[in-house]
**Q** 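Can you read through this structure? Questions will come right after.
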Amino acid sequence: MSVPAVDRTALPVRCSGTPVGEVGLSVTPPRLADVTTTSSATSVDAVLEGPRPRLLLVDGHSLAYRAFFALPAENFSTSTGQVTNAVYGFTSMLINLLRDEAPTHVGVAFDVSKRTFRTEEYPEYKAGRSATPTEFTGQVDLVKEVLAALRIAVVTKEGYEADDVIATLTGAARAQGAEVLVVTGDRDAFQLVDEATTVLYPRKGVSDLARMTPEAVEEKYGVRPERYGDLAALVGETSDNLPGVPGVGPKTAAKWLTAHGDLQGLVAGVGSLTGKAGQSLRDHLDQVLRNKRLNAPVRDLELPVVVDDLAVRPWDREEVHRVFDGLEFRVLRDRLFATLSADEPEVDGGFAVSAERPAGSDAAAWIAAHAAPGGPASGVAVLGRWSGGSGDAWGLALAGADGATAWFDLRELSPDAEAALAAWLADADAPKVLHDAKPALHALAERGTPLAGLVADTALAAYLCQPDQRSYDLADLAVRFLQRELKVDEDAAGAGEQQGVLDLDGDAAGPDEGQLACVRAAAALELSAVLAEQVEQRGGTQLLGELELPLVPLLAQMEADGIAVDTAALERLEGEFAEVVADAAEEAYAAIGGQKINLGSPKQLQVVLFEQLGMPKTKRTKTGWTTDAEALADLNVRQPHPFLDHLLRHRDASRLRQTVEGLLKAVADDGRIHTTFQQTIAATGRLSSTDPNLQNIPIRTAEGRRIREAFVVGRDAEVLLTADYSQIEMRIMAHLSGDEGLIEAFRSGEDLHRFVGARVFGVEPADVTGEMRAKIKAMSYGLAYGLSAFGLSRQLTIPVDEARGLMDDYFARFGGVRDYLRGVVEEARATGFTETVLGRRRYLPDLTSDNRQRREIAERMALNAPIQGSAADVIKLAMLGVERALREQDLRSRLLLQVHDELVVDVAPGEREAVEALLREQMGARVQERTQLSVPLDVSVGAGASWHEAGH
DNA sequence: ACGCCCACGTA
DNA sequence: CGTACGTGGGCGTC
């Protein structure tokens, strides 16, 4: 499993220097020179290697105090009565910061005592504050415990405030070229802001941080950050008990400072100031200069740490568990591990494998001894390949529950050994665990030794636990869940001197593929236990065992079957599309004076469109202006030009030709296309299709549909059937929201958009015009994606107000939908995940992000995931039902494709009626029964000699 | 050779 | 400033 990018940057390299233990007690306080230069080798390495360092500095007391007042104490206390609201809020904020800001270095500064050089000069400093509540004081130590467990350095300096520590470290880090983020509720820190130093200032609560960049400071206070201290000296700071100049507010102060450059200049020119404010300043000059001395952070403290000591380190996992258990922070701990668990766990050696090579009759004996049917599951790893409809397996490793491993080279297996192995593989009572079983099923089936008795697939289990991962590599899972490298444990007794292990490369030192396969089998077996527990904790055991796992052999079968194509038809299409491409290109060139640019290059197109033809600029992309179809069509209205027509025609035709070419390349020797269905890619639970993708074959345009005509009924089949759900996502939304109106719409059998349109526009269904219906349709579907009024207005090209009115009217009639959409996000924010009808979860840690864009993206995902994911649950259930019904009725028809809400079936001769009936029955009532959906599932079925004809 | 961007196909 | 995917060409980088 690859680690998400954000985690990688969050906790990158282990610093090669001596680990710093108790930072606060560091023996030799480095001199200032150590702080500001990169004198030690470690420092230089840490700074020069890898991405630009990002130092996160937190004012611990300030943030915890904020949290204390932001979160109601009565909601946060342990069973022993310890109040934890400040610890909770602080930790929550810290987790978000680590995730969102991905710092490479982190330090938390605390004030040590009330006595500082500031109180020496001005005893009233920070006086007049109400006494710190006792419920808070105790929590500071708990915060420090959390930090210790996370191995985040706590930095303090006797006689100084946290801000001084932060200012000093900021200066040192900036001198080393690092970016700095300061998190504090003390505005004096704004003085530190520069182009690479940002202050995150809590606005309200524990999740709303203002990002104070130089621009933000200037916009808010009218002066650059370096002048903020001057401004504060003039205006005063209530919380520090520093009075300002009476009659002088931020506006006047900023005006003066701008006019005189800085406070020094202002003092020099104080005589020339006019008016009451000027006199007031002259009267309070001493006070202002004192304020300035007191509010200036000390930037050159001698500290017990240097910046490199703050490098992010792997946390102490046991300690994290201990501390979080004590605080009873269950959700927070899950969030911590879910979002930031890419630290480097202490990885032990590899797997001790015996890697025996039982041959002849010993094979059966080994199996009986270590992997007997009816016993505990064995790990299986297959070496082989499968793609595009053919493949082979040449090696097989088994790992028994007793720890023994064996390796079978399938190329040189004796007949009796092969028979024993094949019997065991095919024995459904011999339970097997694989990692990513589907390719192995293919490879073994190709060899004529099919596998049954699959009881666990560790890739699927990991997918259900963390569906947003991109891949689920066995080696990554081993490190993550077993804290072990996927390798042979060389230290294990006898591992290096296995009898009979051939080294195919002649490399005596390294383990051979047989040993490595044994490692994979052993790892899969061990992992399956750990992951089963993880899945269980997430309530996914049934989903895994009764849906995803049984789907594996079915998908394998569908892939192996493939769908027949009319190759000749595809070739004719390719030729036709190629002609259009050539013709359109010619005419396009002619329209721009014969320039033969590359029409497929957005960059060259931009030169022609915006520079040569002087077209108005379109929407921006990251690298220029868009030349997408919508923009070109729009340009053609505003400034018609033949080039645009030919370009669009060229685009369309070349895309179609490209699609056809791809399909032709994918046709296997059997005249069929064998896609691969990916079961662990889509975070919502959908399948995806690759090599080639058969889930995005054109259907919307007439030309595109001609490609569908080339997908045809198989040679031994009678007809293709397609069965699809109508409006499944809207039905799911009706069910999940429980909205009476929407449920009624589906039960009434009326056309959905007409029904909804009638309600929204307040007319009879018969009076809903086509235009009204189109608007309703766009809005209804948009809602399931988190569409905004702005987005709706843009899509329908109507004013935003009208779009907003439309949505308001919709929600007025279908209030349950509004309540649901609101509730689903709030619940997900509280629990950390969304859930489908079958309990499939999607974790969305960004719902509590301080970063508005990330948070809003996560909110839209939270809206959509239960809907899209439940629809995925539904059709997966239907697939299993259809397959079972086909088998039970001894039908030979084959399920071939799934396209999210559609199934395609090759129907064997004479089975058409039966298959159509079972499709309707299984996809409809049976699934509704299993999911307890409150709306009926409408299935429409079509038949034909091609996918096009069978479609509706 | 690899990765990113753009554009665009599906549900 | 609407979710979920996969593919292919262009183009910059190594």
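Chain letters run A, B, ... following the sequence lines, proteins first and then strands; every chain starts at 1.
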**Q** Under 6.0 Å from the ring centre and within 45 degrees of the ring axis: does the NZ or CZ of A:Arg841 meet both conditions for the six-membered ring of A:Phe833?
**A** yes
**Q** Would you mind telling me which of C:dA4, C:dG10, C:dC1 lies closest to the side-chain atoms of A:Ser601?
**A**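 So the side chain of A:Ser601 is nearest to C:dG10.
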**Q** May I ask you to evaluate whether A:Thr621 reaches the phosphate of B:dC6, defined as a side-chain N or O under 4.0 Å from OP1 or OP2?
**A**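 Answer is yes, contact under 4.0 Å.
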**Q** Which part of the nucleic acid, if any, lies within reach of A:Ile681 when heavy atoms closer than 4.0 Å are counted: base, sugar-phosphate only, or nothing?
**A**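 Result for A:Ile681 = sugar-phosphate.
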**Q** Between A:Phe677 (CZ) and C:dC5 (P), how many Å, whole number?
**A** 16 Å
**Q** State which of B:dA11, B:dC6, C:dC5 makes the closest approach to the side chain of A:Ser688.
**A** C:dC5
**Q** Can you tell me the distance, in whole Å, between the CD1 atom of A:Ile597 and the P atom of C:dG9?
**A** 18 Å
**Q** Where is the tightest heavy-atom contact between A:Leu605 and A:Leu599, given as atom of each residue plus distance?
**A** CD1-O, 3.5 Å
**Q** Flag yes if more than 12 heavy atoms outside A:Arg385 fall under 6.0 Å of its CZ atom; otherwise flag no.
**A**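 Yes, enclosed.
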**Q** Quick one: on DNA chain C, does A:Leu783 or A:Asp691 contact a more 5' nucleotide (nearest heavy atom)?
**A** A:Leu783
**Q** For the residue pair A:His641 and A:Phe643, categorise the inter-ring angle as parallel (less than 30°), tilted (30 to 60°) or perpendicular (more than 60°).
**A**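 Because their plane-to-plane angle is over 60°, the rings of A:His641 and A:Phe643 count as perpendicular.
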**Q** Could you check whether the side chain of A:Arg651 and the base of B:dA7 have a donor-acceptor pair of N or O atoms closer than 3.5 Å, going by distance alone?
**A**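 Answer no: no donor N or O sits under 3.5 Å from an acceptor.
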**Q** Counting just side-chain N and O atoms, does A:Arg700 come under 4.0 Å of either OP1 or OP2 of B:dG9?
**A** no
**Q** Out of B:dA7, B:dC5, B:dT10, which has the shortest distance to the side chain of A:Thr626?
**A** B:dA7
**Q** For A:Gln695 and C:dA4, is the shortest distance between a side-chain N/O and OP1 or OP2 below 4.0 Å?
**A** no
**Q** Quick check for you: among C:dG6, B:dT10, B:dC8, whose closest atom lies nearest to any side-chain atom of A:Pro698?
**A**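 That would be B:dT10.
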**Q** Identify which nucleotide among B:dA7, C:dT3, B:dC6 has an atom closest to any side-chain atom of A:Thr627, counting heavy atoms from C-beta outward.
**A** B:dA7
**Q** Classify A:Gln658 by what it touches in the nucleic acid, base, sugar-phosphate, or nothing, heavy-atom distance under 4.0 Å.
**A**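 Sugar-phosphate contact only - A:Gln658 comes under 4.0 Å of backbone atoms but never of a base.
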**Q** Checking all strands, does A:Glu729 fall into the base, sugar-phosphate, or nothing category for heavy-atom contacts under 4.0 angstrom?
**A** nothing
**Q** Would you classify A:Gly600 as touching base, sugar-phosphate or nothing, given that sugar-phosphate means primed atoms plus P, OP1 and OP2, and contacts are heavy atoms under 4.0 Å?
**A**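 Counting heavy atoms under 4.0 Å across all strands, the contact made by A:Gly600 is with sugar-phosphate only.
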**Q** Report yes if a donor N or O on one partner sits less than 3.5 Å from an acceptor N or O on the other, where the partners are the side chain of A:Gln678 and the base of C:dG6; otherwise report no.
**A**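 Not at all, since no donor on one side and acceptor on the other fall under 3.5 Å apart.
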**Q** Classify A:Arg842 by what it touches in the nucleic acid, base, sugar-phosphate, or nothing, heavy-atom distance under 4.0 Å.
**A** sugar-phosphate
**Q** Taking the side chain of A:Ala629 as its heavy atoms from C-beta onward, which of C:dT3, C:dC11, B:dC8 lies nearest to it?
**A** B:dC8
**Q** Nearest 0.5 Å, what's the CD1-CG distance between A:Ile728 and A:Leu933?
**A**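 Going from CD1 on A:Ile728 over to CG on A:Leu933, the span is 7.5 Å.
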**Q** Which is true for A:Leu863 with a 4.0 Å heavy-atom rule: it touches a base, it touches only sugar-phosphate, or it touches nothing?
**A**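 Here A:Leu863 touches no strand at all.
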**Q** Rounded to whole Å, please give me the gap between CG in A:Asn864 and C1' in C:dC5.
**A**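 It works out to 12 Å between those atoms.
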**Q** Applying the side chain to side chain donor-acceptor pair (under 3.5 Å) criterion to A:Lys438, which one of A:Gln679, A:Glu559, A:Gln678 satisfies it?
**A** A:Glu559
**Q** Starting at atom CG of A:Leu787, determine the distance to atom C1' of C:dG2, rounded to an integer number of angstrom.
**A**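 Nearest whole value for this atom pair: 5 Å.
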**Q** Would you say A:Arg655 reaches C:dT7's phosphate, i.e. side-chain N/O to OP1/OP2 under 4.0 Å?
**A** no
**Q** Measure from the side-chain heavy atoms of A:Asn693 and tell me the nearest of C:dT7, C:dG2, B:dC6.
**A**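 Comparing C:dT7, C:dG2, B:dC6 against the side chain of A:Asn693, the answer is C:dT7.
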**Q** What's the separation between atom NE2 in A:His753 and atom NZ in A:Lys777, rounded to the nearest 0.5 Å?
**A**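 So the gap between those two atoms works out to 5.0 Å.
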**Q** Mind calculating the distance between NZ (A:Lys622) and P (C:dG12) to the nearest angstrom?
**A**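 Distance, rounded to whole Å: 17 Å.
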**Q** Could you tell me whether A:Ala871 contacts a base, only the sugar-phosphate backbone, or nothing, with contacts defined as non-hydrogen atoms closer than 4.0 Å?
**A** nothing
**Q** Distance between the C1' atoms of B:dC4 and C:dG2, in whole angstroms?
**A** 24 Å
**Q** Round to a whole Å and report the spacing from CG of A:Leu599 to P of C:dG10.
**A**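 A:Leu599 atom CG is separated from C:dG10 atom P by 10 Å.
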**Q** Using the side-chain heavy atoms of A:Ala682, tell me which of these nucleotides is nearest: C:dC5, B:dA11, B:dC6.
**A**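 Among C:dC5, B:dA11, B:dC6, the one nearest the side chain of A:Ala682 is C:dC5.
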**Q** Report the distance from atom CG of A:Leu783 to atom CD of A:Glu729, rounding to the nearest 0.5 Å.
**A**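 One gets 12.0 Å once the value is rounded to the nearest 0.5 Å.
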**Q** When you measure from the side chain of A:Ile699, which nucleotide among C:dT3, B:dA11, C:dG10 comes out closest?
**A** B:dA11
**Q** Expressed as a whole number of angstroms, how long is the span from A:Arg804:CZ to C:dG2:P?
**A**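 So the CZ-P distance, A:Arg804 to C:dG2, works out to 13 Å.
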**Q** Mind checking A:Arg860 for me? I need base, sugar-phosphate or nothing, with any heavy atom below 4.0 Å counting as a touch.
**A**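 Here A:Arg860 touches the backbone only, sparing every base.
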**Q** Is the phosphate of C:dG9 approached by A:Lys603 (side-chain N or O, under 4.0 Å from OP1 or OP2)?
**A**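 No.
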**Q** Can you tell which of C:dT7, C:dA4, B:dT10 lies closest to the side chain of A:Thr690?
**A**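 Of the candidates, C:dT7 comes closest.
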**Q** In whole angstrom, give the distance that lies between atom NE2 of A:His650 and atom P of C:dG10.
**A** 10 Å
**Q** Indicate whether OP1 or OP2 belonging to C:dG9 is found under 4.0 Å from a side-chain N or O atom of A:Ser654.
**A** no
